[in-house]
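A short worksheet on the structure shown next.
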Amino acid sequence: MGADRETNHDMAADRDFALLLAEAADGVRIGAVPYQELVRGGRRRRARRWALVAAAALVVAGSTGTLALAGGTVGEGRRVVPAATAPAAPDSRQVDKPRSTAVARGTDHGEDWTVEALVWGAPRNASEARAQLNTMRAYGLAPTGVHAPSDLVGKGWYYGRLMRDGGTVATFMNAPVEKGGMPADGRVESTSTLLAPDAADGSRRLVVGRVAPSATEVTCTWDDGTKVEAAPAAPGTGLVGGFEDLVRPVDGSRANWFTCVAPKGADYRSGVAKVTKVAERS
């Protein structure tokens with residue numbers, strides 16, 4: 001009997017607890033789920049996350065922009081591909097101004113002299129051609145065979161000029177850039193002129209010309225058998241001091257230019273310039 005009473009007591013206690021829990025649950029009222037508020041809250045959190053990601057991307061792009069434009073590497077040698085750049089606007093091409101390169105420089109009879117290559121881009125329309133022609137005339141240059149600005153449209157142009165003590169004393173190699181933009185391998189386009197226009201002997205001691213980039217040596221032979229060999233310029237040539245008898249690249253030109261200067265008294269009226277060495281093809 002004692003065991004039965006204990007069992008009945010436990011069962012009664014369980015029923016009492018069950019009733020209490022039911023009453024407590026009955027007092028709870030669950031309202032409608034705030035669906036719209038939850039959606040808006042989620043959208044705000046996502047927007048904040050995207051803003052943080054975008055800000056971080058801008059910081060990274062700013063710190064690595066130079067490397068990306070240079071096509072450098074980051075991390076474990078991974079290549080950074082340069083971003084595509086938009087074509088240059090017509091006014092940024094500056095076809096009304098030449099690209100200038102000093103191809104030789106020295107001193108003669110106490111005066112400084114410079115041989116300069118001037119290369120002009122091809123105008124796209126009559127307006128650009130008119131501006132280019134006006135600047136050419138300001139340089140004292142007149143393109144051969146050009147009678148109106150429209151004659152320059154679609155054509156690049158190059159000149160050589162000799163300057164002594166800062167003033168132009170001779171112009172030469174006045175020609176348009178032909179198809180391909182440079183002489184064929186082994187070919188030479190050249191001219192000769194007086195290094196000192198008022199020299200008493202009138203000897204043509206200066207030879208200037210254009211060759212393909214494959215030419216690594218040009219030999220100039222004067223009438224009396226004098227030979228001068230022009231070879232590629234070392235890096236940094238032209239920054240200071242004099243230099244001559246060189247083959248060197250010219251800004252804006254696919255062809256390389258060369259100069260040969262003969263000793264006083266040599267004359268080039270029937271001289272010859274030849275490519276005597278070419279680069280080996282890989």
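What you are looking at is a predicted structure, and each value in this text was computed from that prediction instead of being measured. Every heavy atom of this structure was used, including side-chain atoms; hydrogens, water molecules and symmetry mates were not.
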**OP:** Kindly say whether Gly241 contributes a backbone atom to a donor-acceptor pair with the side chain of Arg105 at under 3.5 angstrom?
**Re:** yes
**OP:** State whether the side chain of Asp245 and the backbone N or O of Val261 hold a donor-acceptor pair below 3.5 Å, judged by distance alone.
**Re:** yes
**OP:** Give the minimum heavy-atom separation between Arg254 and Gly181, together with the two atoms involved.
**Re:** CB-O, 4.2 Å
Subject >> Residue pair Pro213 / Met182, side-chain heavy-atom distance below 4.5 Å >> reply: yes
**OP:** Return the minimal non-hydrogen interatomic distance between Ala266 and Arg205, and the atom names on each side.
**Re:** O-CG, 3.6 Å
Subject >> Stepwise salt bridge (charged side-chain N to carboxylate O under 4.0 Å, His left out) test for Asp108 and Lys264 >> reply: CA-CA 10 Å; Asp108 180 72; Lys264 185 178 178 180; over 6 Å; no
Subject >> Candidate list Val275, Val278, Asp185, test side chain to side chain contact (heavy atoms under 4.5 Å, CB included), partner Val211, passing option >> reply: Val275
Original post:
Taking atom types as modelled, is there a side-chain donor on Thr221 or Lys227 under 3.5 Å from an acceptor on the other?
Top reply: yes
Original post:
What heavy-atom pair brings Ala117 and Val103 nearest, and what distance separates the two atoms?
Top reply: CB-CG1, 4.3 Å
Subject >> Trp222 side-chain N/O to Arg204 backbone N/O, donor-acceptor pair under 3.5 Å >> reply: yes
**OP:** Of all the heavy-atom pairs spanning Trp113 and Ala104, show the shortest one and how long it is.
**Re:** CZ3-CB, 3.8 Å
Subject >> side chain to side chain contact (heavy atoms under 4.5 Å, CB included) partner of Ser203, chosen from Asp224, Asp267, Asp223, Leu195 >> reply: Asp267
Subject >> Met173 with Val207, same ILVMFWY side-chain cluster at under 4.5 Å >> reply: no
Original post:
Do Val218 and Trp257 share a hydrophobic cluster (ILVMFWY, side-chain heavy atoms under 4.5 Å, transitive)?
Top reply: no
Original post:
Does any N or O in the side chain of Thr135 come within less than 3.5 Å of the main-chain N or O of Asp96, such that one atom is a donor and the other an acceptor?
Top reply: yes
Original post:
Are the side chains of Cys260 and Tyr268 in touch, meaning some heavy atoms are under 4.5 Å apart?
Top reply: no
Original post:
With distance as the sole test, does Asp112 use its side chain to make a donor-acceptor pair with the main-chain N or O of Thr107 at under 3.5 Å?
Top reply: no
**OP:** Taking all heavy atoms of Ala170 and all of Thr193, pick out the closest pair and write down the distance.
**Re:** CB-OG1, 4.1 Å
**OP:** Measure the OG1-NZ distance between Thr219 and Lys274 for me, rounded to the nearest 0.5 Å.
**Re:** 9.5 Å
Subject >> Donor-acceptor side-chain pairing of Thr259 and Glu244 below 3.5 angstrom >> reply: no
**OP:** Establish whether Leu246 and Val228 are linked, either directly or via other cluster members, by ILVMFWY side-chain heavy-atom contacts under 4.5 Å.
**Re:** no
Original post:
Between the main-chain N or O of Asp165 and the side-chain N or O of Glu111, is there a donor-acceptor pair closer than 3.5 Å?
Top reply: no
**OP:** Quick one: pull up CD in Glu217 and CZ in Phe258 and give me the separation to the nearest 0.5 Å.
**Re:** 11.5 Å
**OP:** Taking all heavy atoms of Ala102 and all of Thr114, pick out the closest pair and write down the distance.
**Re:** CB-CG2, 4.0 Å
Subject >> Listed partners of Ser127 passing side chain to side chain donor-acceptor pair (under 3.5 Å), at least two apart >> reply: none
Give the table of side-chain donor-acceptor pairs shorter than 3.5 Å for residues 147-161, with sequence neighbours excluded, one pair per line with atom names and distance.
| from | atom 1 | to | atom 2 | distance (Å) |
| --- | --- | --- | --- | --- |
| Asp151 | OD2 | His147 | N | 2.8 |
| Asp151 | OD2 | Ala148 | N | 3.0 |
| Lys155 | NZ | Asp151 | O | 3.4 |
| Trp157 | NE1 | Asn174 | OD1 | 2.8 |
| Tyr158 | OH | Glu189 | OE1 | 3.4 |
| Tyr158 | OH | Arg210 | NH1 | 3.3 |
| Arg161 | NE | Glu116 | OE1 | 2.7 |
| Arg161 | NH1 | Thr168 | OG1 | 3.3 |
| Arg161 | NH2 | Glu116 | OE1 | 2.8 |

Subject >> Full working for side-chain contact (heavy atoms from CB on, under 4.5 Å) between Thr237 and Arg248 >> reply: CA-CA 9 Å; Thr237 298; Arg248 64 178 312 177; 4.1 Å; yes
Original post:
Does Val119 share a hydrophobic cluster with Phe172, counting links as ILVMFWY side-chain heavy atoms below 4.5 Å and allowing steps through other members?
Top reply: yes
Original post:
Are Leu118 and Val208 connected in a single hydrophobic cluster, I mean Ile/Leu/Val/Met/Phe/Trp/Tyr linked by side-chain heavy atoms less than 4.5 Å apart?
Top reply: no
